[in-house]
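Notes follow the structure.
For the single chain, residues carry numbers from 1 onward in sequence order. Quantities reported herein were computed from a predicted structural model and do not represent experimental measurements.
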Amino acid sequence: MGRVKLEIKRIENTTNRQVTFSKRRNGLIKKAYELSILCDIDIALIMFSPSGRLNHFSGRRRIEDVFTRFINLPDQERDKYVLNMQFSMPCKIQ
């Protein structure tokens, strides 16, 4: 028997939402790590769990250095990236 295709929508039950986050968090961090190694990129990942706890990951460079690099982009170029993220993401950035 194969896996069931999960509909991507908000999990209403708070306990189930926390469990799903906990299970998927490590997979997401693993993918970010693999991408940073395979493609020799700087990567920073920040997540807040449903309970409000901070989780973060950075590749070879400190997370502060990656964000500083982004912040130091010229305004026009940085705004272009933020706009692209808003239009390519299936949910709103708040």
Side-chain angles (χ1 to χ4, degrees):
M1 186 162 122
R3 293 187 181 184
V4 176
K5 175 89 171 148
L6 180 67
E7 182 182 355
I8 303 300
K9 65 176 185 171
R10 183 176 189 266
I11 299 171
E12 295 301 327
N13 181 292
T14 55
T15 303
N16 291 349
R17 189 179 321 129
Q18 180 64 44
V19 169
T20 299
F21 173 77
S22 296
K23 288 180 177 180
R24 290 181 172 235
R25 173 189 55 220
N26 290 336
L28 183 59
I29 290 172
K30 181 180 176 185
K31 290 291 184 186
Y33 169 76
E34 291 170 351
L35 188 62
S36 71
I37 298 299
L38 291 171
C39 300
D40 192 30
I41 63 167
D42 293 329
I43 192 163
L45 178 63
I46 293 182
M47 300 174 280
F48 286 94
S49 72
S51 62
R53 293 182 62 181
L54 171 67
N55 296 268
H56 61 85
F57 167 81
S58 62
R60 296 165 303 166
R61 296 179 67 183
R62 294 178 337 131
I63 199 165
E64 294 87 348
D65 297 338
V66 177
F67 285 120
T68 300
R69 184 174 170 193
F70 177 75
I71 290 167
N72 288 336
L73 287 173
D75 289 343
Q76 186 176 6
E77 191 171 345
R78 189 175 61 238
D79 291 345
K80 179 178 70 175
Y81 286 111
V82 172
L83 284 174
N84 284 340
M85 287 186 339
Q86 288 175 341
F87 290 116
S88 64
M89 299 290 288
C91 40
K92 292 181 181 178
I93 297 174
Q94 297 179 356

Which pair of non-hydrogen atoms, one from Asn16 and one from Asn13, has the smallest distance, and what is that distance?
N-OD1, 2.9 Å
Keeping the roles fixed (side chain from Ser49, backbone from Arg53), state whether a donor-acceptor pair exists under 3.5 Å.
yes
Which atom of Ser36 lies closest to which atom of Gly59, heavy atoms considered
OG-CA, 4.4 Å
Is it true that, when you exclude Glu77 itself, more than 12 heavy atoms of the residues, nucleotides or ligands shown sit nearer than 6.0 Å to its CD?
yes
For the atom pair CD (Glu34) and CD1 (Ile29), what is the distance rounded to the nearest 0.5 Å?
12.5 Å
Locate the shortest heavy-atom distance separating Ile63 from Ser58; write the atom from each residue and the value.
N-OG, 3.5 Å
In Å and rounded to the nearest 0.5 Å, what is the NZ to CG distance from Lys31 to Leu28?
10.0 Å
Do Ile43 and Leu45 share a hydrophobic cluster (ILVMFWY, side-chain heavy atoms under 4.5 Å, transitive)?
yes
Quick one: are Thr20 and Lys23 in side-chain contact, heavy atoms under 4.5 Å?
no
Main chain of Thr68, side chain of Asn72: is a donor-acceptor contact present, judged purely on distance under 3.5 Å?
yes
Whether over 12 other heavy atoms sit under 6.0 Å from Arg61 CZ
yes
Within the side chain of Arg78, is there an N or O that forms a donor-acceptor pair under 3.5 Å with the backbone of Leu73?
yes
Going by heavy atoms in the side chains, are Met47 and Phe57 under 4.5 Å from each other?
no
Heavy-atom neighbours of Phe21 CZ exceed 12 at 6.0 Å:
yes
Please report the shortest heavy-atom distance between Pro50 and Arg17, naming the atom on each side.
CG-CG, 4.0 Å
Arg60 and Ile41 have their tightest heavy-atom pair at NH2-O, 3.6 Å
Consider only side-chain heavy atoms of I, L, V, M, F, W and Y, link residues closer than 4.5 Å, and tell whether Leu35 and Tyr33 are in one cluster.
yes
Atom pair CZ (Arg62) and CG (Asp65), whose distance is rounded to the nearest 0.5 Å
4.5 Å
Min side-chain heavy-atom separation Ile46-Phe67 under 4.5 Å
yes
Assess whether a salt bridge exists between Arg10 and Glu12, defined as any Lys/Arg side-chain N lying under 4.0 Å from an Asp/Glu carboxylate O.
yes
